[in-house]
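The chain is numbered in sequence order, starting from 1.
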Amino acid sequence: MKMTASLADIHELVARFTGPSMTQTLSRIEGMAQGTTAQSSANFLENAGIDRDTLSAAAEMKRLAGQINVTIHALGILLCLPHILETGEKVEYVSLGAGNTGRKFDLETNLRVAEFKFITWRGGAESIRQNGVFKDYFLLAEDPTKKKKHLYLLETKHALKFLQSNRSLSSILSRNNKLHTMFFKRFGETFRTVGEYYAAHSHTVKIDDVSPWLSELTEGLTAT
């Protein structure tokens, strides 16, 4: 397959291999593979619809899929701007990429600083999501800026439930040495749980739900 193949071509090749049910397709191929020899292997691959173009298409789809989260993050922030910006407010910078960009927050204007998280909460054990939300909340809350501070989330119920919970801060901070050091240098043993910290700082950061603005990210999701 040529690298210039369109996304539609890539999808068609992969879908042709997987069929309506990947499980059934693999089961069928497993059955076909029985008795295959070196002499018959080429015929087996042809009859099973297996070729290098399909492998190339799958590899390209995997590469594209690896960029999806960054794409959603960037588009989500940009599409929120018309709903966020007030009269007289101007963007000073917007940070759209993944990783350390050298900027403190996802967005800073002359009036506010903000972080965005477009994650889907399921309501179960979601420690990784919780850790990420606490990190963003903490860094916003402790920043010395006098500007308004906002944490924009895709639905806020589960995040608020977590921030008011008794989950231990030592558990949350255990996987982030830099954040752990920063927190305990500032507060020591003052706060034992995330709920205790949030109760003392809930006035510092406004948590906003972007779901009404980005309904495309919530379509098909079941409430939990």
Novice: Between the main-chain N or O of Thr120 and the side-chain N or O of Arg129, is there a donor-acceptor pair closer than 3.5 Å?
Specialist: yes

Novice: Treat each ILVMFWY residue as a node, draw an edge where side-chain heavy atoms are under 4.5 Å apart, and state whether Met22 and Met32 are in one component.
Specialist: yes

Novice: Do Leu139 and Met182 come within less than 4.5 Å of each other through their side chains, counting heavy atoms only?
Specialist: yes

Novice: What residues, two or more places apart in sequence or in another chain, satisfy ring pair (Phe, Tyr, Trp, His ring centres under 6.0 Å) together with His180?
Specialist: Phe184

Novice: Any salt bridge between Glu108 and Lys104, counting N to O under 4.0 Å?
Specialist: no

Novice: Spell out, yes or no, whether Phe191 and Val194 are grouped together once hydrophobic residues are joined by side-chain heavy atoms under 4.5 Å, including indirect joins.
Specialist: yes

Novice: In terms of side-chain geometry, is the basic nitrogen of Glu92 or Lys147 positioned less than 4.0 Å from the acidic oxygen of its partner?
Specialist: yes

Novice: If you group Ile, Leu, Val, Met, Phe, Trp and Tyr by side-chain heavy-atom gaps below 4.5 Å, do Leu78 and Phe118 land in one group?
Specialist: yes

Novice: Taking the side chain as every heavy atom from C-beta outward, state whether Phe105 and Asp143 have any pair of such atoms under 4.5 Å apart.
Specialist: yes

Novice: At their closest point, which heavy atom of Cys80 faces which heavy atom of Leu214, and how far apart are they?
Specialist: SG-CD1, 3.8 Å

Novice: Less than 4.5 Å apart, side chain to side chain, heavy atoms only: is that true for Ile68 and Val70?
Specialist: no

Novice: Under a 3.5 Å distance rule, please check whether Lys149 uses its side chain to pair with a backbone N or O of Thr204 as donor and acceptor.
Specialist: no

Novice: Would the number of heavy atoms belonging to other residues, nucleotides or ligands and lying under 6.0 Å from CD of Gln67 be above 12?
Specialist: yes

Novice: Ring pair (Phe, Tyr, Trp, His ring centres under 6.0 Å), that's the test. Do Tyr198 and Tyr137 meet it? Break it down for me.
Specialist: CA-CA 9 Å; Tyr198 179 72; Tyr137 188 91; 5.5 Å; yes

Novice: So, Ser211 versus Glu155: side-chain donor-acceptor pair below 3.5 Å or not?
Specialist: no

Novice: Where do Leu64 and Leu7 land on the side-chain contact (heavy atoms from CB on, under 4.5 Å) test, with the steps shown first?
Specialist: CA-CA 9 Å; Leu64 292 171; Leu7 183 58; 3.6 Å; yes

Novice: Spell out, as yes or no, whether a donor-acceptor pair under 3.5 Å connects the side chain of Ser165 to the backbone of Phe162.
Specialist: yes

Novice: Just checking, is any N or O donor in the side chain of Ser40 or Thr37 under 3.5 Å from an acceptor N or O on the other one?
Specialist: yes

Novice: Evaluate the side-chain proximity of Asp51 to Leu45: yes if any heavy-atom separation is below 4.5 Å, no if none is.
Specialist: no

Novice: Under 4.5 Å between any side-chain heavy atoms of Val210 and Trp213, yes or no?
Specialist: yes

Novice: At what distance, to the nearest 0.5 angstrom, does CG of Leu55 lie from CZ of Phe17?
Specialist: 9.5 Å

Novice: Can the ring centres of Phe183 and Tyr197 be said to be less than 6.0 Å apart?
Specialist: yes

Novice: Give the intermediate values and the outcome of side-chain contact (heavy atoms from CB on, under 4.5 Å) for residues Asp209 and Leu153.
Specialist: CA-CA 5 Å; Asp209 184 4; Leu153 302 175; 6.0 Å; no

Novice: Please name the residue in the list Asp208, Asp136, Asp106 that meets the salt bridge (charged side-chain N to carboxylate O under 4.0 Å, His left out) test with Lys117.
Specialist: Asp136

Novice: Aromatic ring centroids of Tyr152 and His83 under 6.0 Å?
Specialist: no

Novice: Indicate yes or no: at least one non-hydrogen side-chain atom of Arg186 is less than 4.5 angstrom from one of Glu142.
Specialist: yes

Novice: Look up atom CG in Leu107 and atom OG in Ser95, then write down how far apart they are to the nearest 0.5 Å.
Specialist: 10.0 Å

Novice: Are side-chain heavy atoms of Phe116 and Leu154 found at a separation under 4.5 Å?
Specialist: no

Novice: To the nearest 0.5 Å, tell me how far Glu60 CD sits from Leu13 CG.
Specialist: 11.5 Å

Novice: Would you confirm whether the ring centroid of Phe187 sits within less than 6.0 angstrom of the ring centroid of His201?
Specialist: yes

Novice: Could you walk me through whether Thr193 and Arg167 pass side-chain contact (heavy atoms from CB on, under 4.5 Å), step by step?
Specialist: CA-CA 5 Å; Thr193 68; Arg167 187 177 170 202; over 6 Å; no

Novice: Rounded at 0.5 Å granularity, tell me how far CD in Glu216 sits from CG in Leu79.
Specialist: 7.5 Å

Novice: Determine yes or no for a side-chain-to-main-chain donor-acceptor pair under 3.5 angstrom, with Arg103 supplying the side chain and Val94 the backbone.
Specialist: yes

Novice: Quick one: pull up CZ in Arg175 and OG in Ser127 and give me the separation to the nearest 0.5 Å.
Specialist: 7.0 Å

Novice: Under 4.5 Å between any side-chain heavy atoms of His150 and Val113, yes or no?
Specialist: no

Novice: Could you check whether Lys148 pairs with Glu86 (Lys NZ or Arg NE/NH1/NH2 to Asp/Glu carboxylate O, under 4.0 Å)?
Specialist: yes

Novice: For the side chain of Ser56 and the backbone of Arg52, is there at least one donor-acceptor N/O pair under 3.5 Å apart?
Specialist: no

Novice: How long is the gap from CD1 on Ile77 to CG on Leu81, to the nearest 0.5 Å?
Specialist: 8.0 Å

Novice: Would you say Arg112's side chain and Ile84's backbone share a donor-acceptor pair under 3.5 angstrom?
Specialist: yes

Novice: Give the C-alpha distance, both sets of side-chain angles, the deciding distance and a yes or no for side-chain contact (heavy atoms from CB on, under 4.5 Å) between Leu169 and Arg192.
Specialist: CA-CA 6 Å; Leu169 284 167; Arg192 183 181 58 85; over 6 Å; no

Novice: When you measure from the side chain of Thr181 to the backbone N and O of Asn177, does any donor-acceptor pair fall under 3.5 Å?
Specialist: yes

